[in-house]
Amino acid sequence: VSTRRAIPDGDNDETISRQLASSLFTPTEVDLFMFCASTWNTHRIHYDRDYARSEGHQDLVVPGPLQAARLAQLLSEYAQAKGGRLHRMSVRHQLTVYCNEPLELRAVLSGSEQRHSCTAIEVLVFVLDATGREATTGNATILFEGAGLNPPVTLSGGAE
Amino acid sequence: MNLSIQAVVGRFERSVTAGIRYGRREMDDPAKDNVTEASAHSWRFGGDDDLTFIVSRADIRRYALSVGAAAGIHHDVAAARQAGYRDIVGPAYFFQTIGTSLGRLVPAAALRPDGLIGEDDSEDRVVAGGSEVTLGAPICAGDEVQVTVSEDPPEIKQGSRARLTIRTMHRTYSVAGVVAAQEVYVRIGHG
């Protein structure tokens, strides 16, 4: 299990310029209920605290797919606001995250390339727990369609 | 698709019977380890209709609320149409509401004590491992989503504290033949 932080600390100017989007999210019992209900997730570790503890968890488990969905939403809203769209995302859940634990979601620019008729920007994504450990990590691609379109971010210039 | 009450009841009864049978029979037969979810679901639920999902506005609104997607295009028909969509549109990962429910539409009595379905009998603790998703066309209310599913043979590894069973599922969601999302989902069982 990785507990190191792969992204530099926030006092690094370059990191600040490369951070595309972030949000704070503290999943409550209601959040877990709503997500499990809408996806018909019947796994008891997400809604039965006693059962979750009987499996060795310290509290209700925040579903990995909920973390992925929140990251996708963060990226999707960023992309749409800039005239692009989320194309792909890959995530790996590194740590179990528990109900009522404050989480920070981050998207950090890692590269960009010109493709045939669009510009692709590569993004690293993270869900950090309250102590700054990486609970979920991954990467994603956002596409900006149209030949000759200048993407709203560059590696040298950072996010607009 | 119009179904009579008798047809619906008959389908439900078949799913109950087959769903309860499925867990033991499949798990006891190693040759079935790489059975695809598609064939498993057809067998359990009695028809290909189970891999078709007709999206309602309520489905989209519920999912949108559950992931904090507050934009009007997910909730308000007029706003969605003004933005160029045929109806309200699902958030990026809306396909989850289809994929996660596959195989879980069974009575509570057919679930294991941990709430999972019988096919997970060999695993004591199950958690999500990760996912890889490529997005295509948007999914809107009124769409008929076709799902194709398959599962790799389980991968067994020895973890530091327990044996790990890694299951990798592949799902493709299409609307009118156009791919809306391709998903690889990894689930890890301990024990």
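Note that the structure is predicted; figures quoted are calculated from it, not measured. Residue numbering restarts at 1 for every chain, and letters A, B, ... go by the order of the sequence lines.
Interface residue Tyr185(B): only side-chain heavy atoms are found under 4.5 Å from chain A. Only the side chain of Ile73(B) comes within contact range of chain A, with at least one heavy atom under 4.5 Å from a heavy atom of that chain. Proximity to chain B (any heavy atom under 4.5 Å) is restricted, for Gln80(A), to the side chain, taken from C-beta onward.
For the pair Tyr93(B) and Ser76(A), the minimum side-chain heavy-atom distance is 4.5 Å or more. In this structure, His87(A) and Leu135(B) have side chains that are not in contact, with every pair of non-hydrogen atoms separated by 4.5 Å or more. A heavy-atom distance below 4.5 Å is found between the side chains of Val126(B) and His43(A).
The list of salt bridge (charged side-chain N to carboxylate O under 4.0 Å, His left out) pairs with a residue in residues 137-149 of chain B, not counting sequence neighbours, reads Arg86(B)-Asp143(B).
Contact tally against chain A (heavy-atom pairs below 4.5 Å) for Ala71(B), Pro113(B), Ala58(B): the top residue is Pro113(B). Comparing Gly68(B), Ala181(B), Ala108(B), Gly136(B) by how many heavy-atom pairs each has under 4.5 Å with chain A, the most go to Gly68(B). In terms of heavy-atom pairs under 4.5 angstrom with chain B, the leader among Met89(A), Arg88(A), Arg92(A) is Met89(A). Chain B forms the most heavy-atom pairs under 4.5 Å with one residue out of Ala68(A), Gly64(A), Gly56(A), and that residue is Ala68(A).
The salt bridge (charged side-chain N to carboxylate O under 4.0 Å, His left out) search around Glu101(A) returns none, not counting sequence neighbours. With sequence neighbours excluded, the residues satisfying side-chain contact (heavy atoms from CB on, under 4.5 Å) with Thr96(A) are His57(A), Val61(A), Tyr98(A).
Both Leu75(A) and Phe95(B) belong to a single network of hydrophobic side chains, linked directly or stepwise wherever heavy atoms of I, L, V, M, F, W or Y lie under 4.5 Å apart.
Between the OG1 atom in Thr39(A) and the CD1 atom in Ile98(B) there is a gap of 11.5 Å [rounded to 0.5 Å]. Of the inter-residue distances, the one linking Asn41(A) atom CG with Ser101(B) atom OG reads 10.0 Å to the nearest 0.5 angstrom. Atoms OG1 and CH2, on Thr97(B) and Trp40(A) in that order, are 11.0 Å from each other to the nearest 0.5 Å.
The neighbour count for Arg85(A) CZ, taken as heavy atoms of other residues, nucleotides or ligands under 6.0 Å away, is above 12. More than 12 heavy atoms of other residues, nucleotides or ligands sit less than 6.0 Å from atom CD of Glu113(A).
Ser66(B) contributes no side-chain N or O that, together with a main-chain N or O of Ser38(A), makes up a donor-acceptor pair within less than 3.5 Å.
Identified by a heavy-atom distance below 4.5 Å to chain B, the contributing residues of residues 45-55 of chain A are Ile45(A), Tyr51(A), Glu55(A), in residue-number order.
For Pro91(B) against Gln73(A), the heavy-atom pair with the smallest separation is CB-OE1, 3.4 Å. Smallest separation of non-hydrogen atoms from Gly115(B) and Thr42(A): O-OG1, 2.5 Å. Of all heavy-atom pairs between Ala69(A) and Gln96(B), the closest is CB-OE1, 3.4 Å.
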